[in-house]
Amino acid sequence: MIDNQNQLLIQRREKAQSLADDGVKLFSNDFKHPQHIADILPQAEVLEPETHAPEGVSCRIAGRVMVLRKFGKAAFFQLQDETSRIQIYARLDVLGEEQFGHFKKWDAGDIVGVEGRPFKTKTGEPSIEATRLHMICKSLRPLPEKFHGLTDVETRYRQRYVDLIVNPEVRSTFRKRMEIIRLIRAFLSQRGFLEVETPMLHPIPGGAAAKPFITHHNALDMELYLRIAPELYLKRLLVGGFERVFEINRNFRNEGLSTRHNPEFTMLEFYQAYATYEDMMDCTEEMISSICQQVNGSMQITYQGTPINLAPPWRRLSMTEALSEVAGLDAAVVGDDAAVMELAKRYKVDLQPDSGPSKARTGLFELLVEEKLINPTFITSYPAEISPLARRNEADPSITDRFELFITGREIANSFSELNDPIDQRERFVKQIEERGNDEEIHPEMDEDFVRALEYGMPSAAGEGIGIDRLVMLLTDSPSIRDVILFPHLKAEVK
RNA sequence: GGGGCGUUAACUCAGUCGGUAGAGUAUCUGCCUUUUAAGCAGAGAGUCGCGCGUUCGAGUCGCGCACGCCCCA
């Protein structure tokens, strides 16, 4: 189907047809197991200009034709594979009339195989002089312009395959993303964490406060929810006796899109029995800083022009300390329930009629502190009322043993010592459901099975969630979450 | 949900006061066996996002819609 019939597409089809008429296979599969360009490039690099590799030295590579400069009886083109690029020199007198004739109908974008001998041009460019050319896949659409490339962001996201072909820095970002995830797995595995898989389809959406996607199971005739968090299942595994578990997988939240939100996003959650949130802070510092060192070669990076230092130790502040030290509020006011309520009203913090001083502090924190936390900072002492799954602090039961990690003003991680008292847990669920009961989109429901699991006994433990997309944004200096998700969500394309 | 900006050839972009739609790259033809944003000569290529309106006349002005980006909630 030609969906956008224009001259260029017609010309490419005609060229392809004429090659086919000559007996050339346009979509062959017999050029197998080529070498990688990065591996053979040194053979050409070591040569002196205008010399060839010794007789008998040859190589066999495959990739996409990127830039094609044709002369009458010779041509140069760039061949790009996953590892690198190299210049190919094709000559009529080497290839013969038939092969060279076919080659004349090649285009930028074609996927081809090349056999040839390494050499270096007089200008010193490492090259391969082709002795045999092989069509692997004829491309029927022109590539974007060679100089400016593809910059239209909508096309880049909708046709990521084109973006990946022509923008090497995009390939490098995604390679880095996969490397970061690999290093996280290695880091946790080395420390005895077991990677597990828990359900993506939940009968009760739990573990976070977010609007879920709803789906329907036909055979069971029941509503199911795409998970908003894996937390309650991972804790069931602690009950079951696994002491260190982690999961890296997608969560789904039926909410707005922005530079920091995609409806499906990747979350790391890990849980460690017989540990506290303080152990998690140590672990997080070590994990993120060491991964940054491995991926970027340094713990000092810049994010969108702002220098960030990820070298441990990282600053640790309670929420009230942050309000006075970072936001510059009077510590006496922050510490006084009535005064802090008054202050929150002055700053127009959105408070419900029944909101208490801890909601006021949280509101002021979000308004005045978060965006100022540029270098990594752990914020601790979150109020119990906004932390329904966290263990209460022993000295002050109104707060929890919890932290959030902020870098570049953004929440990167959330962690706490886990609440394992089933009676307290049930009460907090009830309270949470009372609060959210009027919000039909959130579908609050008591997870009786989770409470039952806690009643069997869950060891003391700490757990943490890290937003992988945001971490990758930080470590790859990407301004938008869409730059670190291969196929970000967009509205349907208009025909 | 609100505001701002954008949408013109395959790609990157111009388009003045409302008066025949432009450039570079890419493509095609010819010449060209060391180019590398190859070169020279010539040619073709457009639903100006979509719709309605104003006007003798709309890429340009107005309204609405779609999609995208940014900011705010």
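Chain A is the first sequence line, chain B the second, and so forth, proteins listed ahead of strands; every chain is numbered from 1.
The side chain of A:A74 lies closest to B:U33 when the candidates are B:C11, B:U35, B:U33. When distances run from any side-chain atom of A:F119 to the nucleotides B:U34, B:G68, B:A10, the shortest one goes to B:U34. Of the candidates B:C69, B:U34, B:U12, B:C69 carries the atom nearest the A:L490 side chain, counting heavy atoms from C-beta on. For A:L8, whose side chain is taken as the heavy atoms from C-beta onward, the closest listed nucleotide among B:C69, B:C32, B:A26 is B:A26. Checking B:U35, B:A10, B:U33 against the side-chain heavy atoms of A:P142 singles out B:A10 as nearest.
Using a 4.0 Å heavy-atom distance criterion, A:T259 is classed as a sugar-phosphate-only contact. A:L150 comes within 4.0 angstrom of sugar-phosphate atoms only, judged by non-hydrogen atoms across all strands, and of no base. Across all strands, A:K120 comes closer than 4.0 Å to no nucleic acid atom at all (heavy-atom distances). Counting any heavy atom pair closer than 4.0 Å across all strands shown, A:G256 reaches no nucleic acid atom. Contact annotation for A:Y157: backbone-only contact, meaning every heavy-atom pair under 4.0 Å involves sugar-phosphate atoms and none involves a base. At the heavy-atom level, A:V67 lies under 4.0 Å from the strands shown only through sugar-phosphate atoms. Within 4.0 Å (heavy atoms only), A:L143 reaches no atom of the nucleic acid at all.
Ring-centre distance between A:Y382 and A:Y277: not below the 6.0 Å cut-off.
To the nearest 0.5 Å, the span separating CD1 on A:I468 from CE on A:M267 amounts to 9.0 Å. Annotation: the span from A:I88 atom CD1 to A:E129 atom CD amounts to 11.0 Å, rounded to 0.5 Å.
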Item to check | Chi angles and distances behind the side-chain hydrogen bond (donor to acceptor under 3.5 Å, both in side chains) call for A:H261, A:E255 | outcome: CA-CA 8 Å; A:H261 299 86; A:E255 292 173 355; over 6 Å; no
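Taking the C1' atoms as reference points, B:U34 lies 26 Å from B:C28, given to the whole Å. B:G18 and B:C72 have their P atoms separated by 35 Å, given to the nearest Å. The same atom, C1', is picked in B:G6 and in B:C50; the two are 16 Å apart, to the nearest Å. A distance of about 23 Å separates the P atoms of B:C17 and B:U55, rounded to the whole Å. The separation of B:A37 from B:A14, taken at their P atoms, amounts to 24 Å, rounded to a whole angstrom. Nucleotides B:C52 and B:G42 place their P atoms 42 Å apart, quoted to the nearest Å. When the C1' atom is compared between B:C31 and B:U60, the two are found 43 Å apart, to the nearest whole Å. As rounded to the nearest Å, B:U16 and B:G22 have P atoms that lie 13 Å from one another.
Distances shorter than 4.0 Å separate some side-chain N or O of A:T151 from OP1 or OP2 on B:U12. Under 4.0 angstrom from either OP1 or OP2 of B:C32 there lies no side-chain N or O belonging to A:R69. Between B:C69 and A:R482, a contact under 4.0 Å exists linking OP1 or OP2 to a side-chain N or O. A close approach under 4.0 Å does not occur between any side-chain nitrogen or oxygen of A:N6 and OP1 or OP2 of B:A45. Checking the phosphate oxygens (OP1, OP2) of B:U33, no side-chain nitrogen or oxygen of A:K70 falls inside 4.0 Å.
Proximity of a side-chain donor or acceptor of A:T51 to a complementary backbone N or O of A:E48 within less than 3.5 Å is detected.
In this entry B:G62 has B:C52 as its Watson-Crick or G-U wobble partner, both defining distances falling under 3.5 Å. For B:U25, the paired nucleotide is B:A10, the pair qualifying as Watson-Crick or G-U wobble because both relevant distances are below 3.5 Å. Across all strands shown, B:C31 is found opposite B:G39 as a Watson-Crick or G-U wobble partner, with both distances under 3.5 Å. Under the Watson-Crick and G-U wobble criteria, each requiring two contacts below 3.5 Å, nucleotide B:C69 is paired to B:G4. Across all strands shown, B:G44 has no partner, as no Watson-Crick or G-U wobble contact with both distances under 3.5 Å is found.
For the pair A:I10 CD1 and B:A45 P, the computed distance is 12 Å after rounding to whole Å. When rounded to the nearest whole Å, the span between CZ of A:R91 and P of B:U33 equals 10 Å. Separating the CD1 atom of A:I165 from the C1' atom of B:C11 is a distance of 13 Å, rounded to the nearest angstrom. Summarising the geometry, the separation between CG on A:D152 and C1' on B:U8 is reported as 13 Å, rounded to the nearest angstrom. Rounded to whole angstrom, the span from the CD atom of A:E145 across to the P atom of B:C13 amounts to 9 Å. Between A:K104 atom NZ and B:C28 atom P the separation is 12 Å, expressed in whole Å. The CD-C1' distance, from A:E154 to B:C11, rounds to 15 Å in whole Å. Summarising the geometry, the separation between NZ on A:K491 and P on B:C65 is reported as 12 Å, rounded to the nearest angstrom.
Put simply, A:F76 rests on the base of B:U35: the two rings are less than 5.5 Å apart at their centres and nearly parallel, under 30°.
Ring geometry for A:F71 against A:F76 counts as perpendicular: the plane angle is over 60°, on a 0 to 90° scale with 30° as the lower cut. Relative orientation of the A:F31 and A:H134 rings is tilted, given thresholds of 30° and 60° on the angle between their planes.
More than 12 heavy atoms of other shown residues, nucleotides or ligands fall within 6.0 angstrom of atom CD in A:E223.
Donor-acceptor pairing under 3.5 Å is lacking for the side chains of A:R60 and A:Q35.
The base of B:U35 sits within donor-acceptor range of the side chain of A:Q87, with an N or O pair under 3.5 Å.
If you find the closest nucleotide of RNA chain B to A:G149 and to A:K73, the one lying nearer the 5' end belongs to A:G149. Place A:A108 and A:G72 on RNA chain B by their nearest nucleotides, and A:A108 ends up nearer the 5' end.
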